[in-house]
Amino acid sequence: MTSEALKISDPEIADAVDKEYIRQTDKLEMIASENIVSPAVMEVVGSVMTNKYAEGYPKRRYYGGCNFVDIAENLAIERAKELFSAKWANVQPHSGSQANQSAYFSLIDPLSGKGKKIPVMGLHLNHGGHLTHGSPVNLSGRMYDIHAYTLDSKTGRIDMDQVAALAREVKPRMIIAGASAYPRFWDFERFREIADEAGAFLVSDIAHFAGMVAVGLHPDPLPYSHIVTTTTHKTLRGPRGGMIMSNFEGGEILLAGIPTPKTVTEAVDSMVFPGVQGGPLMHVIAAKAVAFKEALQPSYKTYMEKVLENAKVLAEELMKYDFKLVSDGTDNHLMLLDLSNKGVTGKLAEKALEWSGITTNKNMVPGDKQSPFVTSGIRIGTPALTTRGMGVDEMKRIAAWIDAVIKDPENKEFRRSIRTEVKEMASSFPHFAWS
Ligand SMILES: *Cc1c(COP(=O)(O)O)cnc(C)c1O
């Protein structure tokens, strides 16, 4: 993987990179937030654009020599808008977290409550929400008065009537929709109705299922949200990074209760830079443009359809093995296994599967009695394996392996034999097999 030159100049890092490549090649990557980028995306991330400082926006930079990075950023913006039918996009956020931070702070100045924190709603972390949706250990939870909505304990789904009731009670100024570990569709239309009734902004974070939204396999948040945020590296299969979009055209809004001449999109632009970030990562922005072009091809829609088919089959197979899935199935690329009926913690399951060559992550499940470091569940997703070309037959084999490992998680001998089978299957699906 690495060059002879790097092996000589920095053998320790070359070795770590080569080993990471081998790990990705001979294990089964089932972490729902990961994917494998194309050689074109890799090439551009590793290009000379990394050398360039370009604070500001195309044609409005604080540095000279920005002609070519401007071309790249404009292409990224135009392609993002085409991909999501968005009127406006900012492609500079370094990550999904910074996209969220910029969105929140541009809508609701946390200091505008004059010592009193402003009420905001987001999905609880233990119910599939993201750290940036109001966890007390994240800036979002420290800056705002967070009222988390949760999943219905019977259905494992978001109960929109409960969301509406909570909004009437706490009168949030902002509602965050979206999650990291929720296997079902989002009803953005209803979220907007609830936000409107409360006088709140709606921020929809589609970090996980952005790829589905792009090809029309998930309800579209753009018509209903004031701001939509996403990552570019999960189902979207681009370089690590974030992005913000909007179709909201109201210039008349009161930002943080204060009349402002700025539109939402102007406010977000100036919150991303200079509010939250400094110089944009131009090599990453150029690679985002490459990934968006790929996602605009018909082959990407076929890919997303296969991701969902694989997830559906895997979920059905696992349920045949008596695995309990939160919400009893999935509409998207991921599923959450509640292992409490199996007598195995998420922590042990993650370890045992990893030893067997299947990489997943432990995850809290609704009503979890274990701590976040132990948990009762694991989250699994199909985006990376689908990129490698795996299909329904492989999903069935994987379900059988997962069942076998969870039945006997401490059996080293047995794990070793599964590891050998996993490696054999994985190596017949090359890491860069797709075009
Ligand atoms: C992954 C994720 C993020 C954060 O993305 P980073 O690039 O890791 O900062 C934000 N929101 C949701 C819902 C996510 O799943």
Side-chain angles (χ1 to χ4, degrees), residues 29-35 37 41 45 80 90-105 120-135 137-141 144 146 148-151 158 174-186 188 191 202-214 218-219 221 225 227-245 268 271-272 276-277 280-281 284-285 287-288 291 307 326 330-336 360-364 372 377 379-384:
E29 185 53 73
M30 302 197 78
I31 293 178
S33 48
E34 294 189 17
N35 214 325
V37 300
V41 168
V45 172
N90 183 313
V91 295
Q92 288 196 3
H94 300 333
S95 70
S97 295
Q98 274 146 320
N100 281 347
Q101 198 185 335
S102 306
Y104 303 163
F105 287 4
V120 165
M121 281 169 54
L123 179 61
H124 198 286
L125 183 65
N126 296 356
H127 290 244
H130 189 256
L131 282 163
T132 58
H133 295 189
S135 160
V137 297
N138 181 263
L139 269 185
S140 56
Y144 299 112
I146 296 290
Y149 53 95
T150 54
L151 303 186
I158 293 166
M174 177 168 71
I175 299 178
I176 306 159
S180 299
Y182 184 62
R184 296 298 179 179
F185 286 152
W186 286 80
F188 297 113
F191 264 97
L202 177 61
V203 175
S204 300
D205 176 355
I206 61 170
H208 259 267
F209 49 89
M212 294 169 65
V213 172
H218 187 288
S225 312
I227 294 182
V228 175
T229 61
T230 185
T231 61
T232 50
H233 51 275
K234 297 179 182 175
T235 50
L236 262 187
R237 206 162 60 179
R240 309 199 73 74
M243 172 161 75
I244 309 176
M245 296 173 283
V268 176
M271 191 53 72
V272 172
V276 168
Q277 296 186 169
L281 310 175
V284 176
I285 290 170
K288 285 173 184 169
V307 168
V326 172
T330 178
D331 293 331
N332 61 20
H333 61 293
L334 67 83
M335 63 211 73
L336 259 178
T360 63
N361 62 280
K362 61 176 186 274
N363 214 100
M364 299 289 271
R379 185 185 67 162
I380 6 189
T382 54

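Order of listing sets the numbers, starting from 1, for every ligand and every atom in it.
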(message) Please work out, at 4.0 Å between heavy atoms, whether the side chain, the backbone, both, or neither of Ser95 comes within that distance of ligand 1.
(response)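 Both of them.
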(message) Using a 3.5 Å cut-off on N or O atoms only, is Gly241 in polar contact with ligand 1?
(response)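 N/O-N/O distance below 3.5 Å does not exist for this pair.
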Can you pull out the closest protein heavy atom to [atom]? Residue, atom name and distance to 0.1 Å, please.
{"atom": "atom 2 (C) of ligand 1", "value": "Lys234 NZ, 2.4 Å"}
{"atom": "atom 9 (O) of ligand 1", "value": "Ser97 OG, 2.7 Å"}
{"atom": "atom 7 (O) of ligand 1", "value": "Gly96 N, 2.9 Å"}
{"atom": "atom 12 (C) of ligand 1", "value": "Asp205 OD2, 3.3 Å"}

(message) Quick check on Ala179 - does any of its heavy atoms sit under 4.0 Å from an atom of ligand 1?
(response) yes
(request) Consider ligand 1: state whether an atom of it lies below 4.0 angstrom from any non-hydrogen atom of Gln98. (result)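 Under 4.0 Å: no for Gln98.
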Under 4.0 Å to a heavy atom of [X] - the qualifying atoms of ligand 1, by number:
{"X": "His233", "value": "7 (O)"}
{"X": "Asn100", "value": "10 (C), 11 (N)"}
{"X": "Ala207", "value": "2 (C), 11 (N), 12 (C), 13 (C), 14 (C), 15 (O)"}
{"X": "His208", "value": "15 (O)"}
{"X": "Thr231", "value": "5 (O), 7 (O)"}

(message) Is a donor from one side chain sitting under 3.5 angstrom from an acceptor on the other, for Asn35 and Arg237?
(response)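 Asn35 vs Arg237: no donor-acceptor pair found between side chains.
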(request) Answer yes if the side chains of Arg240 and Thr231 hold a donor-acceptor pair under 3.5 Å, and no otherwise. (result)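 The answer is no; no qualifying pair exists.
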(message) Applying ring-ring contact (aromatic ring centres under 6.0 Å, His included), can you list everything that pairs with Phe191, at least two apart in sequence or on another chain?
(response) Tyr149, Trp186
(message) Tell me every residue that passes ring-ring contact (aromatic ring centres under 6.0 Å, His included) with Phe105, counting only those two or more places apart in sequence or in another chain.
(response) none
(message) Using 0.5 Å steps for rounding, measure from the CE atom of Met271 to the CD atom of Gln98.
(response)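 Reported value, rounded in 0.5 Å steps: 13.0 Å.
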(request) Report yes if some heavy atom in the side chain of Ile206 is under 4.5 Å from a heavy atom in the side chain of His208; otherwise report no. (result) no
(message) Are Phe209 and His333 an aromatic pair, judged by ring center distance below 6.0 Å?
(response) no
(message) So, applying side-chain hydrogen bond (donor to acceptor under 3.5 Å, both in side chains) with Thr132, which one of Asp205, Thr229, Asn100 is it?
(response) Asn100
(message) Whether the side chain of Tyr182 engages the backbone of Ile158 through a donor-acceptor N/O pair (distance < 3.5 Å, no angle test) should be reported.
(response) yes
(message) If we count only non-hydrogen protein atoms and require a distance under 4.0 Å, does atom 5 (O) of ligand 1 qualify as touching the protein?
(response)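 So far as the 4.0 Å threshold goes, atom 5 (O) of ligand 1 is in reach of a protein heavy atom.
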